[in-house]
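Submitted below is the structure of interest, expressed as structure tokens.
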Amino acid sequence: MIFMKNEDVMNLARKRGFLWSSFEIYSGSAGFFDYGPLGATLKNKVMNKWRDYYVVREGFYEIESPTIMPEEALKASGHVDHFNDAMTQCKDCLDVYRADHVIKEATGKEVEGLENQELTEILSAEHIGCPKCGGHLTHVWSYNLMFQTLIGAKGKKTGYMRPETAQGIFIPFKRLLRFFRGKLPFGVVQLGKAYRNEISPRQGMIRLREFTQAEAEIFVDPQDKSHPHFSRVAEELLTLYPASCQEGEEEPIQVTARAAVDDNIVASELLTYQLCLARRFLMELGLSEEVLRFRQHMSTEMAHYAIDCWDVEVYTDRYGWIEVIGIADRTDFDLKSHSEYSKEDLQVFLEYPEPQSVKKLALKANMGKFGPLFKGDAPKILRALEEIDADTIKQSFEEDGVFQLELEGTVNQITDDLIDFQVVEETVRGEKIYPHVIEPSYGIDRIVYSVLLHSYTQEEDRTYFKLPAEVAPVEVNIFPLVNREELVSVALQILDDLRKEGIIAEKDTSGTIGRRYARSDEIGVPFAVTVDHQSLEDDTVTIRERDSQEQVRIDVDDLPETLQLLLCGKKGFKEFKTGK
RNA sequence: GCGGCUGUAGUCUAGUCUGGUUAGGACUUGGGCCUUCCAAGCCUACGACCCGGGUUCAAAUCCCGGCAGCCGCACCA
């Protein structure tokens, strides 16, 4: 397999200002990393590339929502209940369990929501032991994967740091829908921090307590999960690891995107298109085919609301295959749930191509009897009846002569003399539906880590990050061949000129030229410009390419334009070398 | 969360067992000299005992607690 070594990479990253663990002078805190001067630029460039993919090329829009969210919002999303578990551990076999599950299993009692103290007391009072080995259980503690805080001066309102950015897109859905003028499909993205208070984050950049996500929520018609540009990606070859292969412990398979859809390996064109996009994105960041694969979630690990979910995984020496992107069909779960909790209608009106004429049974209340009978409750009851399918009521009358309407705890007897039916013809222009959501969710920190890991290159006499120019934190280094005033002043002038052109340039005058090339390579600077004695005579300089270590000589005046072409990849270094 | 091991400049490390002078070295980095193309050499400077408490005349060294790292178990909707 391709050479890489977590430890060497992290050492170099720390030494040269890419990444280090945070709060070091206060002895650190696990699960937090600083991006240093080079790391922050690298990360920003990765995020900007992501924006180029999803905002510019896919035409989605970016929004930004708060990282602190009030409790209600996260109740609706299910995070409050799912992230807050009471735990207990067996002192003998060390297995950890959810305390409420253990108690329910042993006694049949439903104890969800009790305090830890109470659960601990139940465990000891009922002499409940470890379900596996019968051993003694520890006191109950809870871990909450969300960071909790209090909102406001009086601190009455509970808030949480968001555990994912996605919810910030679902919550203002009505406003977004209006922005997109009510039409599906549309996509909204958000890049930002998310927080999870991991129990024991000992996996470096892989499991962080504060991390950066880039998520797109693509709202689509549930009946139409095709993609208009699918043909553009249809022939791409994907390494898929479907759930069925994992169960049978078989190897991943290689199929084209088209075959993945046609053979029903991936649930839809939309989802497959996103897989292809993710693959292209990672490959342009320098990750090669053989360290990438798409792993389908097993039915047991898939969130209960998802139809299909694929992890884009990158191979690492230290952690094995790690998820860097999750691509899921979240269906209508989130919007439905927020509708329920907020009482806001988060549906979309889908207009039919042609208005349809529908004959339908409608009920007409005999208000002369209805009103006096139910008095003040009459309007409420009538409204409730109109919500119910008229055929159901009619059928009930035919069978029992009466329909029982339960409303706010009381059962109202609706007798058939109160209601008349009539067939009406209605024109229906469309229907209200909850859109489905396709969600690619990128873990930016893991991607940055993967890029560093796989760009790390060791050759006989040098070690360097072979970063693509697009994400290199320093794009060009300017060197005077030796540290002499007349060469240095030319170098400084070039530095200034390149910076004016928007190129991220740096200079280095100390030590020998070889040492400076080495330092420059180490942090992945793709090109170096050297000012030598000939420069003083004919206004030319050399450009050295990091990867090949070869040089070409060009006029100083052509330098900015040439570097721009090289950096954006419109022209290769070889072409300049041979083109002259 | 549990158990084991570990913690000396940016990095690697000597010293810790057996408490005692100014904590030594190498690399890196800054400044200078030299140097006309890939980490050369010379001079020079900066830089450390994880934090807190205890024992002692005296603690990097012994003891306790905390924090962090590594390994194993567990956890990771």
Side-chain angles (χ1 to χ4, degrees), chain A residues 6-8 10-17 20-32 36 74 77-85 87-98 130 132 135 137-146 163-164 196-204 206-209 297 300-306 309 318-319 322-323 333 459-464 477 479-484 486-487 508-522 528-537 541-546 548-551 553:
Chain A
N6 172 74
E7 204 174 318
D8 292 344
M10 291 310 281
N11 282 342
L12 183 53
R14 192 181 315 119
K15 177 177 154 196
R16 295 308 307 272
W20 53 76
S21 47
S22 305
F23 315 119
E24 281 176 323
I25 67 165
Y26 297 109
S27 69
S29 181
F32 297 99
L74 290 160
S77 68
H79 286 93
V80 170
D81 296 328
H82 282 108
F83 267 55
N84 207 347
D85 294 338
M87 306 300 294
T88 183
Q89 183 177 35
C90 173
K91 285 174 182 169
D92 297 332
C93 70
L94 300 179
D95 268 13
V96 172
Y97 305 97
R98 277 183 60 167
C130 171
K132 199 165 101 188
L137 293 172
T138 63
H139 69 278
V140 175
W141 77 91
S142 63
Y143 68 85
N144 188 340
L145 245 42
M146 290 196 289
E164 60 173 11
R196 294 180 191 182
N197 200 358
E198 300 287 351
I199 301 167
S200 180
R202 283 189 295 180
Q203 296 172 70
I206 301 309
R207 173 143 288 133
L208 295 174
R209 287 184 164 132
H297 275 206
T300 49
E301 71 181 305
M302 193 145 51
H304 53 290
Y305 49 77
C309 185
R318 174 74 195 275
Y319 311 108
I322 56 160
E323 175 196 356
F333 175 84
E459 289 171 2
E460 269 180 32
D461 51 353
R462 61 175 186 155
T463 297
Y464 63 108
N477 247 322
F479 303 135
L481 188 59
V482 291
N483 193 6
R484 282 240 212 86
E486 61 270 30
L487 296 180
D508 190 352
T509 59
S510 87
T512 60
I513 188 71
R515 187 180 201 76
R516 284 176 273 153
Y517 285 144
R519 268 204 290 252
S520 177
D521 289 346
E522 200 173 51
V529 170
T530 306
V531 180
D532 58 12
H533 61 290
Q534 196 181 328
S535 308
L536 300 176
E537 288 162 19
V541 290
T542 62
I543 301 176
R544 169 188 177 274
E545 187 193 37
R546 175 197 63 206
S548 65
Q549 295 179 267
E550 286 177 3
Q551 287 173 296
R553 182 170 290 276

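Residue numbers start from 1 in every chain, and the chains themselves are labelled A, B, ... in the order their sequence lines are given, proteins ahead of strands. Keep in mind that what you see is a predicted model, and the values were worked out from it rather than measured.
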Inset, instruction - Counting Watson-Crick and G-U wobble pairs only, both distances under 3.5 Å, name the nucleotide matched with B/A14, or none. - result: none

Legend entry - Whichever of A/R462 and A/E164 has its nearest RNA chain B nucleotide further upstream toward 5': A/R462

Inset, instruction - Find the partner of B/U6: check Watson-Crick (N1-N3 plus N6-O4 or O6-N4) and G-U wobble (N1-O2, O6-N3) distances, both under 3.5 Å, and reply none if neither fits. - result: B/A68

Legend entry - Mate of B/A39 where both pairing distances stay under 3.5 Å, Watson-Crick or G-U: none

Inset, instruction - Take atom CD of A/E459 and atom P of B/A39, then tell me their distance rounded to the nearest Å. - result: 13 Å

Inset, instruction - Determine the interatomic distance between P on B/G25 and the same-named atom on B/G47; round to the nearest Å. - result: 14 Å

Inset, instruction - Could you measure between the two P atoms, the one in B/C70 and the one in B/G65, and give it in whole Å? - result: 22 Å

Inset, instruction - For the side chain of A/E522, starting at C-beta, report the closest nucleotide among B/A39, B/G69, B/A77. - result: B/A39

Inset, instruction - In whole angstrom, give the distance that lies between atom CG of A/N6 and atom P of B/C70. - result: 9 Å

Legend entry - A/R318 side-chain proximity, nearest of B/C76, B/C38, B/C71: B/C71

Inset, instruction - Give one of base, sugar-phosphate or nothing for A/T542, where a contact means two heavy atoms less than 4.0 Å apart. - result: base

Inset, instruction - Quick one: closest heavy-atom pair of A/G204 and A/L208, and the distance? - result: O-CD2, 3.5 Å

Inset, instruction - For a salt bridge (charged side-chain N to carboxylate O under 4.0 Å, His left out) with A/E522, tell me which candidate from A/R515, A/R462, A/R16 qualifies. - result: A/R16

Legend entry - Interatomic distance, A/L481 CG vs B/C38 P [rounded to whole Å]: 9 Å

Legend entry - Partner nucleotide, any strand, of B/A58 [Watson-Crick/G-U, under 3.5 Å]: none

Inset, instruction - May I ask you to check whether A/S22 and A/R209 show a side-chain donor-acceptor distance below 3.5 Å? - result: no

Inset, instruction - Rounded off to whole Å, could you give me the CG-to-P distance for the A/N483 and B/G32 pair? - result: 7 Å

Legend entry - Check: A/Q203 and A/R318 side chains under 4.5 Å, non-hydrogen atoms: no

Inset, instruction - Select one nucleotide: of B/G31, B/A39, B/U36, the one nearest the side-chain heavy atoms of A/H533. - result: B/U36

Legend entry - Any side-chain heavy-atom pair of A/R516 and A/P480 under 4.5 Å: yes

Inset, instruction - Could you let me know what B/C49 is paired to, Watson-Crick or G-U wobble, both distances under 3.5 Å, or none if it's on its own? - result: none

Inset, instruction - Specify the separation, in whole Å, of atom CG of A/L487 and atom P of B/U35. - result: 13 Å

Inset, instruction - Calculate the interatomic distance between A/E24 atom CD and B/G69 atom P; express it in whole Å. - result: 11 Å

Legend entry - Contact nearer the 5' end of RNA chain B, comparing A/G514 with A/E486: A/E486

Inset, instruction - Return the nucleotide paired to B/C73: Watson-Crick means purine N1 to pyrimidine N3 with N6-O4 or O6-N4, wobble means G-U with N1-O2 and O6-N3, both under 3.5 Å. - result: B/G1

Legend entry - Cation-pi check, A/R546 onto A/Y464 ring (under 6.0 Å, within 45° of axis): no

Inset, instruction - Choose from B/C37, B/U29, B/C76 the nucleotide whose nearest atom is closest to any side-chain atom of A/R519. - result: B/U29

Inset, instruction - Sticking with atom P, work out how far B/U36 lies from B/A40, rounded to a whole angstrom. - result: 15 Å

Inset, instruction - Using the C1' atoms only, state how far B/G19 lies from B/C49, rounded to an integer number of Å. - result: 14 Å

Legend entry - P gap between B/U29 and B/C75, integer Å: 46 Å

Inset, instruction - Please measure how far the P atom in B/G4 lies from the corresponding atom in B/C17, and state the result in whole Å. - result: 22 Å

Legend entry - Selected nucleotide, minimal atom distance to A/R484 side chain, candidates B/U36, B/C38, B/C37: B/U36

Legend entry - Nearest listed nucleotide, side chain of A/Q549, among B/U36, B/C38, B/U29: B/C38

Inset, instruction - Identify whether any heavy atom of A/Q551 sits under 4.0 Å from a base atom; if not, whether one sits that close to sugar-phosphate; answer base, sugar-phosphate or nothing. - result: base

Legend entry - Value in whole Å for how far the P atom of B/U28 lies from NZ of A/K15: 9 Å

Legend entry - Atom pair CG (A/L481) and OG1 (A/T509), whose distance is rounded to the nearest 0.5 Å: 12.5 Å

Inset, instruction - Determine the Euclidean distance between corresponding P atoms of B/U8 and B/U61; express it in Å to zero decimal places. - result: 13 Å

Legend entry - Sidechain-backbone polar pair: A/R196 side chain, A/L145 backbone, donor-acceptor under 3.5 Å: no

Inset, instruction - Measure the distance from CZ on A/R515 to P on B/G31 and round it to the nearest whole Å. - result: 12 Å

Inset, instruction - Tell me which nucleotide among B/G69, B/A77, B/A39 gets nearest to the side chain of A/R196. - result: B/A77

Inset, instruction - Look at all strands and tell whether A/N11 reaches a base, only sugar-phosphate, or nothing, counting heavy atoms closer than 4.0 Å. - result: nothing

Inset, instruction - Sticking with atom C1', work out how far B/C67 lies from B/C50, rounded to a whole angstrom. - result: 8 Å

Legend entry - From B/C38, B/A40, B/C71, nucleotide with atom closest to A/T512 side chain: B/A40

